[in-house]
Number of protein chains: 2
Amino acid sequence: MPVYSANVSERAQQPPELAISTVIFALRPDPEAGGPTLWLPLVRRTRQPFRDLWALPGGPLRPDEALQDAAARNLQETTGLQPSYLEQLYAFGGLDRSPVQRVVSIVYWALVKPDEAALARETENVRWVRADDLGQLAFDHNHIVEYALWRLRNKVEYSSIAYAFLGSTFTLAQVREVYEAVLGRQLDPANFRRQLRATPDIEPTDEYLQGGRHRPPRLYRYTGGAAQLSGSPPA
Amino acid sequence: MPVYSANVSERAQQPPELAISTVIFALRPDPEAGGPTLWLPLVRRTRQPFRDLWALPGGPLRPDEALQDAAARNLQETTGLQPSYLEQLYAFGGLDRSPVQRVVSIVYWALVKPDEAALARETENVRWVRADDLGQLAFDHNHIVEYALWRLRNKVEYSSIAYAFLGSTFTLAQVREVYEAVLGRQLDPANFRRQLRATPDIEPTDEYLQGGRHRPPRLYRYTGGAAQLSGSPPA
DNA sequence: GCAAAAGTGTTTCAAATACACCCATGG
DNA sequence: CCATGGGTGTATTTGAAACACTTTTGC
């Protein structure tokens with residue numbers, strides 16, 4: 001339990017600063033791996049502390065915007081991306097997160113579709129890295145990404161967020177690639193197919209994906225609306 | 001998206017206030033229902049806004065304490081209770097949560113054991129109510145409790161938090177009563193028993209609960225350590 | 001025809017469920 | 001001995017998993 005004393009540093013007496021950050025996941029074709037892999041955009045810090053280290057996109061919360069709006073905004077500002085899924089991850093508020101000032105960060109996580117991810121701009125201060133190969137990040141951001149990954153892996157198994165990574169139509173093999181990239185293991189194509197066909201909110205179209213080297217697979221469409229779970233707390 | 005204009009109320013230009021609140025669950029013997037039911041403590045508001053309405057225990061975040069410490073502290077201060085389980089629920093930050101000032105509330109949820117819950121003091125300004133029979137609460141606190149209940153019901157099914165409601169030894173029927181109270185439905189005693197016996201972290205003692213009207217049931221002990229999941233984000 | 005992915009069928013295995021039944025105790 | 005909850009046994013069902021097999025395309 002914290003002890004209040006007269007010679008606590010002055011910093012500790014000011015109200016904590018409130019900031020919003022976002023972990024943004026996208027699936028990108030990866031030549032090295034077999035299929036696509038998980039990537040996320042980072043921004044270079046241009047000020048102390050942790051100057052020149054890479055960090056999650058984020059910024060202060062404006063007085064007149066809702067938490068999720070703030071996440072969507074700094075996501076848009078730093079990467080130009082529109083997320084297909086956006087959910088609160090956690091509020092991080094440890095005393096030693098920043099060496100200069102107490103900061104409470106409310107962190108969101110987002111998924112973007114491949115067409116969005118393709119036109120994401122990389123600049124001197126914005127870089128995309130593989131989720132399993134970040135370097136050392138600023139603050140506790142390595143820890144935060146770790147947790148976001150854990151949440152993503154869990155949620156992909158019991159909800160329908162996988163489709164947030166895909167376009168309006170897709171093959172069942174593409175869905176399987178999403179699961180394999182997120183979970184990091186191979187899945188049996190036959191059984192995976194059956195499970196998807198058993199869910200009501202994925203329906204076949206009359207079209208087939210042409211141009212492959214082999215038998216053209218049928219295209220499907222997701223009809224389940226936004227992936228947000230019913231337990232989510234809006235407002 | 002919020003629009004910035006010159007005649008936005010002054011309130012909207014000040015930094016949002018940061019507060020911590022806690023939803024505290026305890027199981028209490030309930031004469032009306034068959035077994036125990038879920039209860040939680042509320043505090044009466046003594047100031048505007050929502051004066052005289054009931055609200056979740058909470059207060060501002062001190063500059064020198066971690067988020068979870070603040071939750072534990074105002075839990076201790078208002079109810080005198082020591083939680084056996086404490087986890088962050090969600091950060092609520094809508095623009096219209098409070099009519100007088102923008103408040104961002106980081107809400108925790110807690111479970112307390114029956115011996116603790118028994119010596120919880122009720123005063124003029126602290127009252128225990130059934131979780132399914134709160135009246136109208138201050139702010140968005142009805143909504144928050146709803147969400148906490150949803151989380152509790154989910155988590156009781158896939159983790160071991162049920163034991164946070166129980167003492168150091170217990171009968172299997174008591175564990176079942178916890179599940180039934182939380183989930184709100186009856187469970188088959190035979191199958192429930194088998195499932196518990198199959199988990200490694202619950203071991204039988206040599207003692208039996210005497211004094212019942214029938215065959216004395218064996219007492220068990222939970223050996224699984226704190227119920228906090230591995231995906232929890234510490235620090 | 002061959003390679004390779006799309007797609008189907010079938011068997012096996014594990015877990016949840018339903019439910020009949022016996023056991024031990026207080027009254 | 002009877003009512004009641006404690007505790008065991010067992011058949012049924014469901015779904016995940018493993019894997020053999022057929023189909024359709026490009027080359």
Side-chain angles (χ1 to χ4, degrees), chain A residues 29-30 33-36 153-154 156-160 162 166 169-222, chain B residues 29-31 33-36 153-154 156-160 162 166-167 169-222:
Chain A
D30 196 326
R153 293 196 175 109
N154 272 319
V156 85
E157 292 201 283
Y158 68 82
S159 85
S160 304
L166 295 169
T169 65
F170 45 79
T171 68
L172 297 187
Q174 286 173 328
V175 183
R176 183 164 46 84
E177 282 177 337
V178 172
Y179 276 78
E180 290 180 342
V182 170
L183 298 178
R185 62 184 155 91
Q186 302 278 105
L187 299 174
D188 183 308
N191 293 329
F192 186 84
R193 169 189 187 74
R194 238 186 310 269
Q195 288 181 10
L196 285 197
R197 296 307 310 265
T199 74
D201 47 2
I202 175 168
E203 70 181 20
T205 71
D206 293 338
E207 294 173 59
Y208 295 78
L209 180 62
Q210 303 294 343
R213 290 182 302 284
H214 307 294
R215 173 175 174 177
R218 185 186 285 269
L219 287 171
Y220 293 80
R221 174 179 294 113
Y222 179 67
Chain B
D30 196 328
R153 294 196 175 108
N154 272 319
V156 85
E157 292 202 284
Y158 68 81
S159 85
S160 305
L166 296 170
T169 65
F170 43 80
T171 69
L172 298 187
Q174 287 173 328
V175 183
R176 181 162 49 85
E177 282 177 337
V178 172
Y179 277 78
E180 290 181 339
V182 170
L183 299 177
R185 61 183 154 93
Q186 303 277 105
L187 298 174
D188 184 308
N191 294 328
F192 185 83
R193 170 190 186 73
R194 238 187 309 268
Q195 288 180 11
L196 285 197
R197 296 306 312 264
T199 72
D201 45 4
I202 174 167
E203 71 181 19
T205 71
D206 293 337
E207 295 173 58
Y208 294 79
L209 180 62
Q210 303 294 344
R213 288 183 304 283
H214 307 293
R215 173 175 174 179
R218 185 186 284 271
L219 288 170
Y220 292 79
R221 174 180 292 115
Y222 179 67

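Reminder, nothing fancy here: chain letters follow the sequence lines and each chain counts from 1. Computed from a predicted model, the values in this text were never measured in an experiment.
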side-chain hydrogen bond (donor to acceptor under 3.5 Å, both in side chains) involving Arg221(A) - partner list, sequence neighbours excluded: none
Partners meeting side-chain hydrogen bond (donor to acceptor under 3.5 Å, both in side chains) with Asp188(A) (sequence neighbours left out): none
Nucleic acid contacts - residues 183-205 of chain B versus DNA chain D, non-hydrogen atoms under 4.0 Å: Ala190(B), Arg193(B), Arg194(B)
Closest heavy-atom pair and its distance - [X], [Y]:
{"X": "Pro36(B)", "Y": "Ala181(B)", "answer": "O-CB, 3.3 Å"}
{"X": "Glu157(B)", "Y": "Arg153(B)", "answer": "CG-O, 3.5 Å"}
{"X": "Tyr179(A)", "Y": "Ala162(A)", "answer": "CE1-CB, 3.5 Å"}

Stems involving DNA chain D, each a run of at least 3 consecutive Watson-Crick or G-U pairs under 3.5 Å: C:1-27 with D:1-27
Report the distance from atom [atom1] of [X] to atom [atom2] of [Y], rounding to the nearest 0.5 Å.
{"X": "Gln195(B)", "Y": "Leu172(B)", "atom1": "CD", "atom2": "CG", "answer": "12.0 Å"}
{"X": "Phe192(A)", "Y": "Gln186(A)", "atom1": "CZ", "atom2": "CD", "answer": "12.0 Å"}
{"X": "Glu177(A)", "Y": "Leu166(A)", "atom1": "CD", "atom2": "CG", "answer": "9.5 Å"}

Indicate every side-chain donor-acceptor pair of residues 196-208 of chain A with a distance under 3.5 Å to a residue at least two apart or in another chain.
unit_1	atom_1	unit_2	atom_2	d
Arg197(A)	NH1	Tyr220(A)	OH	3.2
Thr199(A)	OG1	Leu196(A)	O	2.9
Thr205(A)	OG1	Glu207(A)	N	3.2
Thr205(A)	OG1	Leu219(A)	O	2.8
Tyr208(A)	OH	Arg218(A)	NH2	2.9

Nearest-Å distance, [atom1] ([X]) to [atom2] ([N])?
{"X": "Leu172(A)", "N": "dA6(C)", "atom1": "CG", "atom2": "P", "value": "9 Å"}
{"X": "Glu177(B)", "N": "dG6(D)", "atom1": "CD", "atom2": "C1'", "value": "13 Å"}
{"X": "Tyr158(B)", "N": "dA15(C)", "atom1": "OH", "atom2": "P", "value": "21 Å"}

Main-chain N/O of Pro216(B) paired with Gln210(B) side-chain donor or acceptor, under 3.5 Å: no
Tabulate atom names and distances for all N/O pairs under 3.5 angstrom spanning the protein and nucleotides 25-27 of chain D.
unit_1	atom_1	unit_2	atom_2	d
dG26(D)	O4'	Arg213(A)	O	2.6

